[in-house]
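Written below as structure tokens is the structure these notes are about.
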Amino acid sequence: MTTVRHRPETEALLTPSEVATLFRVDPKTVTRWAKAGKLTSIRTLGGHRRYRESEVRSLLDGNTATVDA
């Protein structure tokens, strides 16, 4: 029997603009957070940043613990 595991590749990803809207900040601020290591970003093949929805929601809920990538 094969066990199905949650794969990070299937998790919803948010654009910098979507994250900025949730936090009510400028998208450049979200990029600065990623560069500072406060938020984990994933790069698309085109070089654009995307953010895991689960990590963003966790930060919105006030959980500031480091999230494993």
Side-chain angles (χ1 to χ4, degrees):
M1 178 177 260
T2 305
T3 305
V4 178
R5 294 185 341 182
H6 175 69
R7 295 178 48 186
E9 297 88 24
T10 61
E11 185 175 353
L13 299 175
L14 302 174
T15 65
S17 294
E18 292 169 331
V19 176
T21 300
L22 292 171
F23 282 99
R24 297 182 182 189
V25 297
D26 190 85
K28 291 288 185 185
T29 301
V30 177
T31 301
R32 282 194 293 274
W33 290 345
K35 287 182 181 179
K38 296 179 182 180
L39 190 60
T40 306
S41 67
I42 298 169
R43 293 293 186 121
T44 65
L45 291 176
H48 300 280
R49 292 182 190 268
R50 296 294 181 262
Y51 304 92
R52 289 185 179 94
E53 183 177 17
S54 61
E55 182 179 356
V56 172
R57 297 284 179 197
S58 178
L59 289 172
L60 277 172
D61 292 340
N63 182 3
T64 57
T66 305
V67 178
D68 294 330

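The figures here come from the full heavy-atom set of this structure, side chains too, leaving out hydrogens, waters and symmetry mates.
Remark: Arg57 engages Glu53 in a side-chain hydrogen bond (donor to acceptor under 3.5 Å, both in side chains) (not counting sequence neighbours).
Sorted by first then second residue, the ring-ring contact (aromatic ring centres under 6.0 Å, His included) pairs that include residues 38-61, not counting sequence neighbours, number zero. Annotation: side chain to side chain donor-acceptor pair (under 3.5 Å) contacts involving residues 20-31, sequence neighbours excluded, comprise Thr29-Arg32. Listed by first then second residue, pairs satisfying ring-ring contact (aromatic ring centres under 6.0 Å, His included) with a partner in residues 20-47 read Phe23-Trp33, not counting sequence neighbours.
Exactly one of Arg52, Arg49, Glu55 qualifies for a side-chain hydrogen bond (donor to acceptor under 3.5 Å, both in side chains) with Ser41. That residue is Arg49.
Residues Leu13 and Arg50 come closest through the heavy atom pair CB-CB, 3.9 Å.
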